[in-house]
2 protein chains.
Amino acid sequence: MTSNGKAPNTLMIRKLESIFPLSDEEKQTLADLPIHVTRLKPDRDIVRIGDRPFQSCLLLEGFTCVYKITAEGKRQIVAFHVPGDIPDLQSLHLKVMDNSVATVSPCTLGFIPHEALHDICNRFPRITAAFWRETLVDGSIFREWMTGIGRREAYNRMAHLLCELLLRLKAVGLVEDETFDLPLTQNELADAIGASAVHVNRVLQELRGDGLIRSKGTQVQILDWERLREAGDFDPLYLHLRQDGNA
Amino acid sequence: MTSNGKAPNTLMIRKLESIFPLSDEEKQTLADLPIHVTRLKPDRDIVRIGDRPFQSCLLLEGFTCVYKITAEGKRQIVAFHVPGDIPDLQSLHLKVMDNSVATVSPCTLGFIPHEALHDICNRFPRITAAFWRETLVDGSIFREWMTGIGRREAYNRMAHLLCELLLRLKAVGLVEDETFDLPLTQNELADAIGASAVHVNRVLQELRGDGLIRSKGTQVQILDWERLREAGDFDPLYLHLRQDGNA
DNA sequence: CGTGCTCTTGATAGTGTTCAATACAGGTGG
DNA sequence: CCACCTGTATTGAACACTATCAAGAGCACG
């Protein structure tokens, strides 16, 4: 049991079921998946580039990121993951990790052996489809981020990122009063939007100054969704949520 | 039959089989897939963002690109595809296109109905896995491109792109004497690496001046693989080719 | 109550953009 | 076969966004 009092895979089941309804048998099989729950401190690698994992991890609590380091030692964060996500599901079919995954906040993780996942996929094609779809949505988010980094300015990228996190966190019930916890340093935000930490700082001040957001500590509140959305050139289509979560 | 005298899906079968051997039955079923072959001129959209395609297309000849347009009208190309690729395979599970796909050169395309693909996936889990894997490799390339756009300079990104294209084209037998056809304008290269066309022009001159590449018309020759690879900070791991195609 | 990290702020420098003009190249029509 | 047309490639100059450097302030933690 995790601290929210649910069986660890409940989150995953709820998520998969939001894609299409699962039969009782399918749900039961998912619930019976062997899962090994662990807690990790912030800034700990979960898997590293070059690894050949035999398991994938389901994020239960906290934020993780996927990143790469260039020859010059610069880091690019290519994805954030929120509870319910499976950050390294790809390793089910790509044997060698081509990126690293790390915690950014304290995290609770559930590790599931690939063997068990393969087994369930063989028995239930619809679950295969649901997992496949998960990885496709990840890919869609990559495309959107790439578009931002390549063609939008930092101010707009930051607005876009905040829009995305709001919707994704809403989808797992982690938003209240347009406010959510964003346990990321400006350094991590910088690595995600492909900017410097100094510039992220200035861009955040601008966003606050423009009345789009407010923040105290790690809490962020979206003050003006419509203008933030416009600033970020944000269209939730790419998230492929069933109901377009709007403010 | 395409102009290279093979049944249209031969390319796809060869590619899938390079992932893991297929049984005769699987191969036969793939060969029997209904496929509708068409030729398209350059710069034609194949599918557009927002579309709900009922088929996916197998690229038989030519180059296609996947792109998005920002609110400001700037284009980001997030992927190129070469013969043997299925640029919009994602639409099999993501009903609404979150990006557009277009030809960049004259292309021969084979359209396969989703219905037929779903059917074959249901019957052959290994083919499902192979298709899934294809989309995962696409995702891996997105991550690598994002890292480049976010954290590498234009000169290095261009070197990286040329390294990648060399290996991917080699894998489908389209490289001879370290030379391949690159039917892309500098404008298209610019949209792919997230730079301006003017800057791409200068960067290409630098690469030529440094003796890394040579080009006449649309033909590009890699003169110094090792230095190009170093300039591009290129590690082929992310392409997940079975034999690390090297020069 | 230091230590170390994060956040801020100011100044300087650089990579890359935009604008504009010119040269080139391939394809078309007379 | 040549003039013509249009898109592509090239070049120069001014400018802009963003990085880098440096230093101080705020905060959490042991």
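Any value given below was found using the heavy atoms of this structure, including those in side chains, with hydrogens, waters and symmetry copies removed. Note that the structure is predicted; figures quoted are calculated from it, not measured.
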Give a yes/no on whether any side-chain N or O of Q205(A) is located under 4.0 angstrom from OP1 or OP2 of dT9(C). yes
For chain A, the stretch of DNA chain D it reaches, first to last nucleotide, under 4.0 Å of its heavy atoms: dC17(D) to dC21(D)
Classify A197(B) by what it touches in the nucleic acid, base, sugar-phosphate, or nothing, heavy-atom distance under 4.0 Å. nothing
May I ask you to check whether Y238(A) and H160(A) place their ring centers less than 6.0 Å from one another? yes
In whole angstrom, give the distance that lies between atom CG of N187(A) and atom P of dC5(C). 12 Å
5′-ward residue of the pair V198(A)/R157(A) relative to DNA chain D: R157(A)
Can you tell me how far C1' of dT17(C) sits from NE2 of H199(B), to the nearest Å? 9 Å
May I have the distance from K216(B) (atom NZ) to dG26(C) (atom C1'), rounded to whole angstrom? 19 Å
Could you tell me whether the side chain of Q76(A) and the main chain of D191(A) form a donor-acceptor pair under 3.5 Å? yes
Verify the neighbour count for atom CD of E230(A): are there more than 12 heavy atoms of other residues, nucleotides or ligands below 6.0 Å? no
Donor-acceptor pair, D233(B) side chain versus A71(A) backbone, under 3.5 Å? yes
In whole angstroms, the gap separating P of dC5(C) from CG of N201(A) amounts to 18 Å
Could you tell me whether T185(A) contacts a base, only the sugar-phosphate backbone, or nothing, with contacts defined as non-hydrogen atoms closer than 4.0 Å? sugar-phosphate
Between CG of L182(A) and P of dT6(C) the distance, given in whole Å, is 14 Å
What is the distance from CZ of R152(B) to C1' of dT15(C), rounded to the nearest Å? 17 Å
Return the 5'-most residue of the pair E153(B), L184(A) with respect to DNA chain C, ranking by each residue's nearest nucleotide. L184(A)
Rounded to whole Å, CZ of R202(A) lies from P of dT8(C) at a distance of 11 Å
Lys/Arg cation over aromatic F234(B): R229(B), 6.0 Å, 45° cone: no
Does any non-hydrogen side-chain atom of F180(A) lie less than 4.5 Å from one of L165(A)? yes
What nucleic acid atoms does G194(A) come within less than 4.0 Å of, heavy atoms only: base, sugar-phosphate, or nothing? sugar-phosphate
Given atom CG of L207(A) and atom P of dT8(C), what is their separation to the nearest angstrom? 13 Å
Are the side chain of D88(B) and the backbone of S91(B) linked by a donor-acceptor contact shorter than 3.5 Å? no
